[in-house]
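Heads up: the structure comes next, in structure tokens.
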Number of protein chains: 2
Amino acid sequence: MQDQDSYLAGYNPSKYPSLAVTVDVVALTIRDAKLCVLLVERGAQPFAGQRALPGGFVKEETLDDAAKRELAEETGVKPGHGDLERVHLEQLKTYGNPDRDPRMRIVSVAYLAFAPSLPDPTAGSDAALAYWVPVDEAKDLAFDHDDVLADGLERARAKLEYTPLATAFVNEEFTIGELRQVYASVWGEDLHAGNFHRKVLSVPGFVESTGTTTSRGGERGGPKAKLYRAGDAKLLHPALLRPTREDRVR
Amino acid sequence: MQDQDSYLAGYNPSKYPSLAVTVDVVALTIRDAKLCVLLVERGAQPFAGQRALPGGFVKEETLDDAAKRELAEETGVKPGHGDLERVHLEQLKTYGNPDRDPRMRIVSVAYLAFAPSLPDPTAGSDAALAYWVPVDEAKDLAFDHDDVLADGLERARAKLEYTPLATAFVNEEFTIGELRQVYASVWGEDLHAGNFHRKVLSVPGFVESTGTTTSRGGERGGPKAKLYRAGDAKLLHPALLRPTREDRVR
DNA sequence: GAAATAGTGTCTCTAAGACATTATATT
DNA sequence: AATATAATGTCTTAGAGACACTATTTC
């Protein structure tokens, strides 16, 4: 065996088979009350015609910056643009099985992004073949991206429970109903409107009132709703737990 | 911009500065009621004389296997040995800042290991300079390992709340008091014995009774304790939350 | 008016935590 | 005997969820 010291001192890069590090991004947004993921279409082998998560090589930059850059490139939204400022980005997991890419060894650091509804990438960007796909239609992705997406979805579902990240899916000002729709879309099950409302307002720092209301009621009736913005809490306490499902526990 | 397809097709490894992928392991155990981490001593520059997390280059193997191998090498416990079978290992986070190693770009995939008390590495292994250190004495580590350790500790503390992983720190058969000591050591605060006892037994699948008891009572008195083993739950429901601290929330 | 939604009220049940108590073992 | 620990009991309070209800808005 070698300790960290000796293997670093004796390392000669040319002795090792070449290896690359990429970032892949599971970018999630909500469109039409459905949770959607950003996918790109592959043109060439391997996996030609299949869809994949957006990603690319890591350059002379931090991993976080590489993920930000890839997301900006694929969505066609320039960094610095207001829309991207509000995107939450966090590292998800790293995938490095030797056979995950048939051509060479590629270690991919996956990121998870939560975004409010963003413009369609195809409109006015150089990301010709990127688009938002409802997550339940995102199957048979290239490489091991089915696994990456599944891990990203589970992380997103769990994070809604104990962090205020649901606010990353809505506009800066939002109604409690819109927030509830985020939970329903991500968790895939409806929540009781009354209880949800009371619960959200009772968690310290989750949301704070703007003092204003929407200019009109719901599309099919209902009163004007009060508007809120994200509060200063980093963790929800007490948490907002998913309806218990026995099969998640064992 | 490039989509994943074109950059892979056009990639020529020799064009890029060389880059290596390593795994580093935050291996935690409990010794003397204190949470300890496995560290190795560095002999050469950079960071000579400082301590670091055990780790090494990823070979022709999965990342998980690389972490298992490194842990076995540094602890001097052979894979296949009973002790290592019970070690819980999970991926923690990947660290890839361009300047984290002064010599070349190294992307390190950190792993987190929970182990029952293992033999001292120095005794009878080739890991001459590895030893267990109480986590509050593990400061000024080499590279960015202070950050890695901090992330690992926070992950461990959080995981005790909603998973049965505390059982990975104790023997196959254990008493409720031993389990409580794990929580106290990892969280750094004492727990109320009576309430903890009732709580653990009330969570379905957390522990199951062996029907036996310890052969003698506590060192300083007290009745023989019933023995338990880990149950089949993968998640604790309801969770065993840390005593609330306001500063964790904002 | 019919229908939908916002927001509140009420009730029940579970669970957390403070604290007390009993039993059993050790030195 | 003194002390420590295991295990259980009791009480209070917070919170989750079911459900009802009112008010307000749209079509």
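In what follows, chains carry the letters A, B, and so on, assigned in the order in which the sequence lines appear, proteins first and then strands, with residues in each chain numbered from 1.
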Quiz item: To the nearest Å, how far apart are Leu191(B) CG and dA16(C) P?
Solution: 13 Å
Exercise. Compare the minimum distances between each of dT8(C), dA18(C), dA7(D) and the side chain of His197(B), then state the nucleotide with the smallest one.
Key: dA7(D)
Quiz item: Are Gln91(B) and Val109(B) close enough that some pair of their side-chain heavy atoms sits under 4.5 Å apart?
Solution: yes
Practice problem: Using atom CZ of Phe174(A) as one end and atom P of dT5(C) as the other, report the distance to the nearest whole Å. | Solution: 20 Å
Quiz prompt | Partner of Tyr111(B) by side-chain contact (heavy atoms from CB on, under 4.5 Å), out of Asp64(B), Val26(B), Asp24(B) | solution = Asp64(B)
Quiz item: Any side-chain N or O of Arg220(A) less than 4.0 Å from the OP1 or OP2 oxygen of dT25(D)?
Solution: no
Quiz item: CZ of Phe196(A) versus C1' of dC19(D): gap in Å, rounded?
Solution: 19 Å
Quiz item: To the nearest Å, how far apart are Glu178(B) CD and dT5(D) C1'?
Solution: 13 Å
Quiz prompt | Among Asp144(A), Val25(A), Val37(A), Val23(A), the one residue meeting side-chain contact (heavy atoms from CB on, under 4.5 Å) with Leu53(A) | solution = Val37(A)
Practice problem: Compare the minimum distances between each of dA15(C), dG7(C), dT5(D) and the side chain of Lys199(B), then state the nucleotide with the smallest one. | Solution: dA15(C)
Practice problem: Tell me whether the OP1 or OP2 atom of dA6(D) has a side-chain N or O from Arg180(B) closer than 4.0 Å. | Solution: yes
Self-check item: Sugar-phosphate, base or nothing in reach of Gly217(A), heavy atoms under 4.0 Å
Solution: sugar-phosphate
Quiz item: Which of the following nucleotides, dG17(C), dA7(D), dT5(C), is nearest to the side chain of Pro223(A)?
Solution: dT5(C)
Self-check item: OP1 or OP2 of dG17(C) under 4.0 Å from side-chain N/O of His192(B)
Solution: no
Quiz item: Do Arg242(B) and Glu154(B) sit within salt-bridge range, that is, some charged N less than 4.0 Å from a carboxylate O?
Solution: yes
Self-check item: Nearest-Å distance for atom pair CG/C1', residues Leu179(A) and dA6(C)
Solution: 14 Å
Quiz item: dA6(D) P sits how many Å from Arg216(B) CZ, rounded?
Solution: 13 Å
Quiz item: Where the side chain of Pro238(A) is defined as all heavy atoms beyond and including C-beta, which of dA16(D), dA6(D), dT8(C) is the nearest nucleotide?
Solution: dA16(D)
Quiz item: In terms of the nearest nucleotide of DNA chain C, which residue is placed more toward the 5' end: Leu240(B) or Thr175(A)?
Solution: Thr175(A)
Self-check item: Whole-Å distance separating the NZ atom of Lys226(A) from the C1' atom of dT25(D)
Solution: 16 Å
Quiz item: Base, sugar-phosphate, or nothing: which does Gly222(A) touch, judged by heavy atoms less than 4.0 Å apart?
Solution: base
Quiz item: More 5' along DNA chain D: Glu219(A) or Gly218(B), using each one's nearest nucleotide?
Solution: Gly218(B)
Exercise. Give a yes or no on whether a donor-acceptor pair under 3.5 Å exists between the nucleobase atoms of dG9(D), that is its base, and the side chain of Arg198(B).
Key: yes
Self-check item: Length of the NE2-C1' vector between His237(A) and dA16(C), whole Å
Solution: 11 Å
Quiz item: Do the non-hydrogen side-chain atoms of Thr212(A) and Glu173(A) ever get within less than 4.5 Å of each other?
Solution: yes
